[in-house]
There are 2 protein chains.
Amino acid sequence: MAQPKAHQVTLRSIADQLGLHVSTVSRVLNGRTGDGVRAASGDTAARIRRLAEELGYQPDPHGSGLRTGRSRLVGVLVPRLSDLVLAMIYEGIDEAAGELGLTTITANSRDDEQTRRLRTRMMLARRVDGLIFGDASLDSGFLDELAADGGKFVLVNRRAGDHPSVTADDVTGGRLAAEHLHGLGHVDVAVIAGEPYASTGTDRTAGFVGYYRDRGLAAPLVLHSPFDTAGGRAAAEKLLSRPDRPTAIFAVNDFAAIGAMGAARDHGLTVGTDLSIMGYNDTPLAAELPIPLTSVTVPTREMGRRALTSLTRLLAGEAVESERLAPTLVARASTARP
Amino acid sequence: MAQPKAHQVTLRSIADQLGLHVSTVSRVLNGRTGDGVRAASGDTAARIRRLAEELGYQPDPHGSGLRTGRSRLVGVLVPRLSDLVLAMIYEGIDEAAGELGLTTITANSRDDEQTRRLRTRMMLARRVDGLIFGDASLDSGFLDELAADGGKFVLVNRRAGDHPSVTADDVTGGRLAAEHLHGLGHVDVAVIAGEPYASTGTDRTAGFVGYYRDRGLAAPLVLHSPFDTAGGRAAAEKLLSRPDRPTAIFAVNDFAAIGAMGAARDHGLTVGTDLSIMGYNDTPLAAELPIPLTSVTVPTREMGRRALTSLTRLLAGEAVESERLAPTLVARASTARP
DNA sequence: CTGAAAGCGCTTACAG
DNA sequence: CTGAAAGCGCTTACAG
């Protein structure tokens, strides 16, 4: 026998109190308002709605989920939620989900293939209706498999293969960065490029390098590194120790840029004056740093919102196109003429 | 009629293939291994387990949830996930939850009472088994109500009322900060105290102020502010504009401290030399800043893990005690002798 | 407009 | 050791 649940309000308890059948109550409470078709007579419907409201009825998702085969649950996989950019994207996703009565569950993959598979599996076990991946690797093998198995998902922040994605136009963003530094007069420039498996880093780098190359200028130095502060510091350390050290550094991520600022200080260089450094994403910190950081703004939360919208379209059977949101550059004190 | 689900593996499909009854399969697959009691003969059990494994059986939580009245879902409410400290706590919670086969859902309350109520309601509608609040307000009215209604929850990071919580010992942390600055010789000190409704800020401030008061020294200046960089900058701006400006500032949060560093620079002060600034939480950024930030380390992820453990105990009917984790101070270049 | 039935997948007390 | 039944709460095609 089932556990008696704590005097829970169910369709049945409402139906019984009103002397109606539970199916009638269900029809009314699920009735898309504004329809021509009515689920019950105006009077009956009103009585049902009033009582449901009064008792604080909340449909049990286990019941409806079991019956409909849909959970109204969306899984969101990210490299790590403690990466501010991903946290903000997730906030956008969750905000949009909440407005549609969807619930999100999230997990960190730490950009590790095995963890990615395991956590995806756990989300599928939870019967999510669809997934949003914020941790796509350019090597899209896992996603290809998942798609082949009928998995429904969209990517956010990073693109991969031909899977539908909502990203910023990172190539353009990288080009904006190059245009800015070149415009200031920087010719010897370097890129702290992030991880090679992430389209964000590689696209920004490609845009940046392309700009210099297209003008027949010396190719920028490119160094890969983790996306965090320590990674940026280590990469900048290497760059600044070279005899032909650059006059400007473009880090594909604000946190890496902050790390680079630390390395600059260690080398006795004043950022903005002796060395220009810029970041990417324009995190809330960038403007408030002791030396405000030039960065490229990306509509992070909006990216999350759109990814969720895209996913719901996909789940509704519509075809969805990838979206590329436009970045803009914000010049601050960390970059200046050489 | 129900939607035919995509050839899903169910207890029934396994039972049919093996010529067994679904209840037998259920008993075997739920059998706590290592029991003296066996759910089925060794041979039958082995066949069931082998087939389940082979087909990749994953129990449908809608079925078990409906039946047992438990969802194995935990709700986590935070002020905002884009606050790094909360993101790290959440990571700890989710990590521990995953190890126990629990799934977490999270939401931002933005420290807004109405949002807090709404999002809690949504989690309850999702039938979470229990809740973890990372956004407790010292005015614990809402939590008192929830507890009276039989809601099961623990608090994390911030304490409130007598509700079970897992926090750092913030009073001690504040005292450590005071001891450090006083030890360096700072007498004119100020506190950027955060929001008055959060125990983190008020406890750290109380510990700090208490240390100076206990020694008969002038009471530190105390200014409340938002916990973020912009808030810290604005508060420091005020402090540094005073004729009797302090020689050291204790910000109860690293991000506020970074904002204060910006304000110092605007005033032409070199942090560490002309003005000491310290933060709290020792976020990964602190050590990597151009001027490394003195801070108080708190085992953030561990706090999250323990909160989850506490909640599972509570849900199992055990009595749980509040926990206070010990903080330690990390001295860096941002604080020095006046 | 409303009722009655079926059944989604699961667990568990009961029989044998 | 295994089966059979009941029932958790819900939705939906079918009748009337």
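Chain A is the first sequence line, chain B the second, and so forth, proteins listed ahead of strands; every chain is numbered from 1. Treat the numbers as computed from the prediction; the structure is a model and nothing was measured.
Here the C1' atom of nucleotide D:dT2 and the CG atom of B:Asn30 are 16 Å apart, to the nearest Å. As rounded to whole Å, 9 Å separates atom P of D:dC8 from atom CG of B:Leu66. Whole-Å rounding puts the A:Leu29 CG to D:dT12 C1' distance at 15 Å. Rounded to whole Å, atom P of C:dA4 lies 11 Å from atom CZ of A:Arg12. Rounding to whole angstrom units, CZ of residue A:Arg126 and C1' of C:dG9 are separated by 14 Å. Atom CZ of A:Arg72 and atom C1' of D:dG9 are 17 Å apart (whole Å). One can place CZ of B:Arg127 at 9 Å from P of D:dG9, the figure rounded to the nearest angstrom. B:Leu11 has its CG atom 15 Å from the C1' atom of D:dG3, to the nearest Å.
Nearest nucleotide to the side chain of A:Tyr57, out of C:dG9, D:dC10, C:dC10: D:dC10. Nearest nucleotide to the side chain of A:His21, out of C:dA4, D:dG9, D:dG3: C:dA4. Of the candidate nucleotides C:dC10, C:dA4, D:dC10, D:dC10 has the atom nearest to the side chain of A:Asp60.
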Steps toward salt bridge (charged side-chain N to carboxylate O under 4.0 Å, His left out) verdict (A:Glu53, A:Arg49): CA-CA 6 Å; A:Glu53 166 73 19; A:Arg49 274 194 258 272; over 6 Å; no

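By the 4.0 Å N-to-carboxylate-O rule, A:Glu54 lies too far from A:Arg50 to be salt-bridged with it.
A:Pro61 comes within contact range of no nucleotide atom at all, as no heavy-atom separation falls under 4.0 Å. Residue contacts for A:Ser23: at a heavy-atom cut-off of 4.0 Å it reaches a base atom on one of the strands shown. Among the protein residues, A:Ser64 comes within range of the sugar-phosphate backbone only, with heavy atoms under 4.0 Å from sugar or phosphate atoms but none that close to a base.
Shown here for B:Arg126 and B:Leu73, the closest heavy-atom pair between the two residues is O-CD2, 3.8 Å.
Across all strands shown, the partner of D:dG3 is C:dC14, judged by Watson-Crick or G-U wobble contacts whose two distances both fall under 3.5 Å.
Position along DNA chain D of the nearest nucleotide to B:Gly63 versus B:Leu20 favours B:Leu20 as the more 5'-ward residue.
For B:Ser109 and B:Asp135, the side-chain atoms include at least one donor-acceptor pair closer than 3.5 Å.
Residue B:Arg27 places a side-chain atom within donor-acceptor reach of the base of D:dG3, judged by atom type and a 3.5 Å distance cut-off alone.
At least one side-chain heavy atom of A:Asn108 sits less than 4.5 Å from a side-chain heavy atom of A:Val78.
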